[in-house]
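Have a look at the structure below before the remarks.
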Amino acid sequence: MADSASGNKSASGAAAPSNFIRHMIGEDLANKKHAGRVHTRFPPEPNGYLHIGHAKSICLNFSLAEEYNGRCNLRFDDTNPAKESQEFVDSIKDNIKWLGFDWHGEVRYSSNYFDHLYDFAVQLIESGKAYVCSLSPDQAREYRGTLTEPGTNSPDRDQTIKENLDLFKRMRDGEFDEGAYSLRAKIDMASPNINMRDPVLYRIRHIQHHQTGDKWCIYPTYDYTHCISDAIEGITHSLCTLEFEDHRPLYDWILHNLDIDSLRVVSDLADSEADYVLPQQTEFAKLKINYTVMGKRKLREMVESGIVDGWDDPRMPTLAGMRRRGFTPASLRNFCESVGVARSESVVDMGMLEHAIRDDLDKNAPRAMCVLNPLKVVLTTFAEDYRAELTMSAHPKDESLGQRVVPLTREIYIDKSDFEEVPPPGFKRLISGGEVRLRGAYVIRCDEVVKDDSGEIVQLNCSVDENTLGKSPEGRKVKGVIHWVSASEGVPATVRLYDRLFNEEKPEAKDVDYHNCLNPESLIKLENCIVEPSVIGNDAGNFQFEREGYFCFDSIDSSDARPVFNRTITLRDSWSN
RNA sequence: UGGGGUGUCGCCAAGUGGUAAGGCACAAGGUUUUGAUCCUUGCAUGCGUUGGUUCGAAUCCAGCCACCCCAGCCA
């Protein structure tokens, strides 16, 4: 027996949040509407790269299927070959697998159903529900009417079935130019819902299709294709975003005006004993996040104009970009679950996404030290050839992540920002004559500040309290702890600091031009960083560089000889100065 | 000015007539060899608004206001 919505468990084991879709499925199950089946689908058009907004839909569809012991198909909605390509098909499949989901059976394509779709179109013509129209696209627009005025019937609307059949066949056979004819549903040109004013079902396009080659020169439209594809695949719950709400009457009209037995026999449920029940479209609000853009057109434009370095630029909200940035699949899935599913259009705070990745990485990323802006420190009380190997745990709370060995030598680097000659109030790092703890090592005291001719600090000479390894110094307390790396054994590295791409909270707002609110500091490259040697060759995907943030090797530019790190996200910083 | 939607804390979001969950953010404490993590506490007499029904309304009814979507042979 299917359990109630509140009893379901998410992948993480926590109770899945209540939402209107789970309620609906719960009711459908209670009413045995689909004989207890839950079958969803993720239906991307392969005309671009997937972004975090798609992840919400992917998580929703696949998780629902998992929770209810159902299935989820991957179906490419490939009805517009002019905009689609195999490259996008491949990247989408790759992204979904990376996110951790597995579709049911083979990958589907709407184009798999082109033959059936054609037959159903003939059926609609034969039953007087569709006709071939000779209006040009421009004329069709005029005949459609406006939001407040009804449309006008096409002069071809009352053509005989015989004429329509003949014309439609000749459309398929390539006798006509693009735009010369279209197949339209015969519904109601006066409908207040413009989608119902005799919508186009088929249009002529003399172009190759990435899956069907040159087999067709007429292609079905989204509205006509989607509902039938759902019906063929035995989809029970067809989830889509809010802008398709006005299309639902058309979705239902097409399915209800087709012979249900002929639908059933070509469907995946052809051999099923159960009643054949038509799929139900349900809409939810798409994901929006502040300080970023989600529009495909804008993302493409940013790639093509060079604002970013490609679809997988770590600043992009694409799954490819976020992956390269260091986001983990689990963090994205948790994020999608935490934002919920509802029908009100909302803009989620970027802070939610940041919390999701910090939460995951804090638990799972091994720790290491990396100095971003090096300042040389000479530990004067050590001998010239001093060298020690300090063993530190890779994680402060999780021993299962093991330990690492960190070399300590007479000369080390610390970060420039961890020393101040004139410290602000509350500063608890190193100051002249003051003490600080070297993380995992000794307490040192700054005895001398060395400057160059221009007055810039180039070196600190410090003495070491050798009685402070693993214990507090006697008679005083040292509050500050700073990270460091051996000057001779640290590894030179490049670190790329990423930040939000936009300074404006809503760069997609109608009165905003996103070009004017680009964050000039969305990428800062640091070429003189020094990283602890334990990370070299370490195949952990992500690290926490202590006191700095979470970083990962750049999948493209990094090598053992010259490691390149991307900063995924900073640590939270409650110290305001 | 046609049709379809949505309005619950700064941001998400539960709630389906019985007296406002949770998360993020924020604030204040505590622990801490990461100014991290973790822990504790605080954070809507209020649910767009105005009326109505009811013993009782975020939940039901009516009006009003605001915002979003639709006039591709795009999806």
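Protein chains get the first letters and strands the later ones, always in sequence-line order, with residue 1 at the start of each.
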Determine, for A/Tyr118 and A/Arg172, whether the Lys NZ or Arg CZ falls below 6.0 Å from the six-membered ring centre while staying within 45 degrees of the axis.
yes

According to salt bridge (charged side-chain N to carboxylate O under 4.0 Å, His left out), who are the partners of A/Asp418, at least two apart in sequence or on a separate chain?
A/Arg429, A/Arg547

Contact list for RNA chain B against residues 50-61 of chain A - heavy-atom distance below 4.0 Å:
none

Expected list for residues 346-360 of chain A near RNA chain B, using heavy atoms below 4.0 Å, is A/Ser346, A/Val347, A/Val348, A/Asp349, A/Gly351, A/Met352, A/His355

Using the salt bridge (charged side-chain N to carboxylate O under 4.0 Å, His left out) criterion, which residues pair with A/Glu420? Sequence neighbours excluded.
none

The side-chain hydrogen bond (donor to acceptor under 3.5 Å, both in side chains) partners of A/Glu27 (sequence neighbours excluded) come to none

Using the side-chain hydrogen bond (donor to acceptor under 3.5 Å, both in side chains) criterion, which residues pair with A/Arg343? Sequence neighbours excluded.
A/Glu245, A/Glu283

Using the P atom in both, what is the distance from B/U40 to B/U19, to the nearest Å?
26 Å

State which residues pass side-chain hydrogen bond (donor to acceptor under 3.5 Å, both in side chains) with A/Lys471; sequence neighbours excluded, sorted by chain then number.
A/Asn467

Where protein sits on nucleotides 64-75 of chain B, one letter per nucleotide: B base, S sugar-phosphate only, - none, heavy atoms under 4.0 Å:
----SBBBSBSB

Under 4.0 Å protein heavy-atom contact, by nucleotide of nucleotides 31-36 of chain B - B base, S sugar-phosphate only
--BBBS

For A/Arg437, check salt bridge (charged side-chain N to carboxylate O under 4.0 Å, His left out) against everything at least two apart and list the hits.
none

Can you give me every donor-acceptor pair (side chain of residues 285-293 of chain A, partner residue at least two apart or in another chain, under 3.5 Å) with its distance?
{"from": "A/Lys286", "atom 1": "NZ", "to": "A/Glu243", "atom 2": "OE2", "distance (Å)": "3.3"}
{"from": "A/Asn290", "atom 1": "OD1", "to": "A/Met350", "atom 2": "N", "distance (Å)": "2.9"}

Under 4.0 angstrom between A/Ser344 side-chain N/O and B/C12 OP1 or OP2:
no

What residues, two or more places apart in sequence or in another chain, satisfy side-chain hydrogen bond (donor to acceptor under 3.5 Å, both in side chains) together with A/Glu354?
none

